[in-house]
Amino acid sequence: MTSVDLVVVGAGIVGLAHAWHAVRRGLSVAVVERDEHAAGASVRNFGHGCFTAQDGVAFEYAMAAREEWLTLAREAGFWLRESGTLVVARAEDELEALREFAEIRDVELLNNPTTGSFNDPSVGLLNNPSTLGAALLPLDIRVNPREAVHAIAALLAERGVAFHWSTNVLTVEPGLVRTSRGELHCRAAVVAVGHDVDRFFPDLAEEREIQRCQLRMLRVAHGGVIDPAVLTGFSMLRYEAFARCPSTEKVRERLTNDHPELVEAGLNLMFTQLPDGSLTIGDTHHYSRTVDPYRPEDLDDLVLTETARLLGVPSLRVLERWRGVYASAPEPFLTATPVPLTRAVSVTSGIGMTTALGLAPAVLDDLLQEM
C-alpha cells in the first residue's frame, strides 16, 4: 500500500503543473500515467507559449505560467526561446486589428520593414510582397514540445515525485485511487486527463459539454531561421484578446467570403520552428465527441498551400504528419469536484501549454482547503 498527499492522474502538462506546484508546497506526490511517457496533446503541439493573445482569467494564468516556464527551463535544462511571436498582417483590416491590439497589449508594431526595427532580418516574412506589416509580441516563448514535458517529468522524479508509468486508473474515490498495479491512498487527487475526462466522469463531461477537438499538423523542411512563432489573420479569429479589437470582425467577414473552406476547417495558419530548423505548421480544427479515424488529404493540402504562400515558396516538403486531440468546451477551463477530495481539471480551449502552470496553483489553493 502506497500513501501520499496528492495523486495526480495524467502526466501531460496539466498534470505535471499540479505535481510541480504541489512539490513546491512540500506535499508528497504520485503521478499515474497510462502510457510509458506523455504522448498526448502536450507533445503534439506547437510548443508555443502564446501568453499575450489571451484574455480574462486565461491571460492571468498565462502570465503566471510564463515565469514558471522560465524557471523550469533553467532547472530541468530544456530548450526555451524568449523570441516572442510575430503576427503578420496581409490585408488592411488585419493591419488595423494589430494597431487596435497594440492599444490593449504591450507589443511592437512593425508596419515598415525597411525601418530595421525587427532585429532578426532572417525572418524574411517582412520582405514578402503580400506582407503589409506585423506586430511583435515580445513576451511569448517557444519550447520543443517533444522534449519539454519529458524533461519536467524527469525533474519532478528527481524531486521525489513517484511516477507510475504504463498504469491505468480504474476508479477515483475519496482518499483512494485504484490502479491496474494496486491502490494508492492519498489525502487528495487531481484527475488531469484532458479530453478523456468522459472516461472517468461521463456525467460531468456531458454537463460541461466536453468534446474532442481534432487537429491536423505537419512538420516540414525549412532552410532558414525563423526565431519567433508566427501567427496570421486566421489566428486572430482564434485568440480571445483579438476579439476585443473591432477590426477583427472585418477580418472574419473577409476571410469567410474569400476563403470559406479555410474558415470552415477552423484553420489557424501559424508555425513555429524546432531546434533542427524544421517547421511545425498547422492547424485545422474539427469538433466531435468521438474522433473519426479517417484523415482526408485535402485538409493537409490546405495547410501546406497556405503556409507555402505565407513563406513565399512554391512548395514544402513534408517530414511528418500527425493528429492532435484536445478537450474543448464552451468554458475555457474545467475545474470540478466529481467526488470529495478530488478535482477534475482540464484546459478546454487548446491553450494548455500556455496556461496550465498558472492554473494549477489556483486549483491547489482550493483543494488544500478541503484536505
Side-chain angles (χ1 to χ4, degrees), residues 13-14 17 41 45-70 82-89 93-109 134-142 194 208-211 213 215 228-253 255-256 263 266-270 272 282-283 285 287 326-335 345-363 365:
I13 189 59
V14 177
N45 58 77
F46 290 98
H48 181 205
C50 189
F51 311 123
T52 313
Q54 308 308 323
D55 204 24
V57 68
F59 181 66
E60 297 174 14
Y61 291 154
M63 295 311 296
R66 184 182 192 277
E67 298 308 311
E68 300 300 332
W69 275 112
L70 298 179
E82 294 184 74
S83 50
T85 298
L86 193 70
V87 187
V88 177
D93 50 17
E94 295 174 4
L95 196 59
E96 184 58 31
L98 291 183
R99 295 191 187 104
E100 295 163 357
F101 190 69
E103 296 177 2
I104 63 172
R105 289 287 187 270
D106 183 14
V107 305
E108 182 182 357
L109 291 175
L136 179 66
L137 286 51
L139 295 179
D140 292 358
I141 64 165
R142 289 191 298 121
R208 300 296 180 89
E209 301 179 46
I210 304 294
Q211 294 190 88
C213 179
L215 314 175
V230 175
L231 303 180
T232 64
F234 287 97
S235 309
M236 296 178 188
L237 309 185
R238 303 200 63 86
Y239 289 99
E240 289 298 319
F242 282 103
R244 296 170 56 186
C245 303
S247 294
T248 299
E249 192 55 37
K250 298 177 184 177
V251 175
R252 184 185 304 277
E253 292 174 1
L255 291 177
T256 301
V263 174
L267 177 65
N268 176 13
L269 181 60
M270 66 170 292
T272 55
D283 54 356
H285 299 74
Y287 302 88
Y326 68 76
S328 177
E331 295 297 322
F333 302 98
L334 168 70
T335 56
V345 184
S346 182
V347 178
T348 50
S349 46
I351 52 174
M353 293 288 279
T354 297
T355 61
L357 285 161
L359 165 66
V363 174
D365 286 343

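When reading the values below, keep in mind they use all heavy atoms of this one structure, side chains included, and skip hydrogens, waters and symmetry mates.
Taken to the nearest 0.5 Å, the OG1 atom of T256 stands 7.0 Å off from the CG atom of L237. The CD atom of E94 lies 8.0 Å from the CZ atom of F234; values are rounded to the nearest 0.5 Å. Taken from CG in L255 to CG in L267, the straight-line distance is 9.0 Å, to the nearest 0.5 Å. Summarising the geometry, atom OG1 belonging to T232 is positioned 11.0 Å from atom CG belonging to L86; distances are rounded to the nearest 0.5 Å. For the atom pair CG (L334) and OG (S328), the distance works out to 12.0 Å, reported to the nearest 0.5 Å. The structure places CD1 of I13 at 9.5 Å from OG1 of T355, a figure rounded to the nearest 0.5 Å.
Not a single side chain to side chain contact (heavy atoms under 4.5 Å, CB included) links A243 to another residue, sequence neighbours left out. Annotation: salt bridge (charged side-chain N to carboxylate O under 4.0 Å, His left out) contacts of E331 (sequence neighbours excluded): none.
Residues L231 and Y239 are in side-chain contact: their nearest non-hydrogen atoms beyond the backbone lie under 4.5 Å apart. The closest side-chain heavy-atom distance from W69 to F51 is below 4.5 Å. Inter-residue side-chain proximity for E82 and I141 is flagged as met; some heavy-atom pair is nearer than 4.5 Å. A heavy-atom distance below 4.5 Å is not found between the side chains of P138 and E108.
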Determine whether K250 and E253 satisfy the following criterion, salt bridge (charged side-chain N to carboxylate O under 4.0 Å, His left out), listing intermediate values before the conclusion. CA-CA 5 Å; K250 298 177 184 177; E253 292 174 1; over 6 Å; no
Run the numbers on S247 and D93 for side chain to side chain donor-acceptor pair (under 3.5 Å), then give the verdict. CA-CA 6 Å; S247 294; D93 50 17; over 6 Å; no
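In terms of modelled atom types and a separation under 3.5 Å, the side chain of R66 and the main chain of L139 share a donor-acceptor contact. Using a distance-only test at 3.5 Å, with no hydrogens or angles considered, a donor-acceptor pair links the side chain of D140 to the main chain of T52. Remark: side-chain polar atoms of T354 are not paired, donor with acceptor, to backbone N or O of G49 under 3.5 angstrom.
Counting heavy-atom neighbours within 6.0 Å of E100 CD, excluding the residue itself, gives a total above 12.
The two atoms that bring G266 and R238 nearest to each other are O-NH1, 3.6 Å, heavy atoms only. What you find for F101 and A53 is that their closest heavy atoms are CZ-CA, 4.1 Å. Summarising the geometry of A135 relative to L98, their closest heavy-atom pair is N-CD1, 3.8 Å, with the distance given to 0.1 Å. The minimum heavy-atom distance linking A327 with S346 is given by the pair CB-OG, 3.5 Å. For S349 against Y326, the heavy-atom pair with the smallest separation is C-CE1, 3.9 Å. Nearest heavy atoms, V87 versus M236: CG1-CE, 4.0 Å.
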Side-chain donor-acceptor distances from residues 54-65 under 3.5 Å, at least two apart:
{"from": "Q54", "atom 1": "NE2", "to": "C50", "atom 2": "O", "distance (Å)": "2.8"}
{"from": "D55", "atom 1": "OD1", "to": "R105", "atom 2": "NH2", "distance (Å)": "3.4"}
{"from": "D55", "atom 1": "OD1", "to": "R244", "atom 2": "NH1", "distance (Å)": "3.1"}

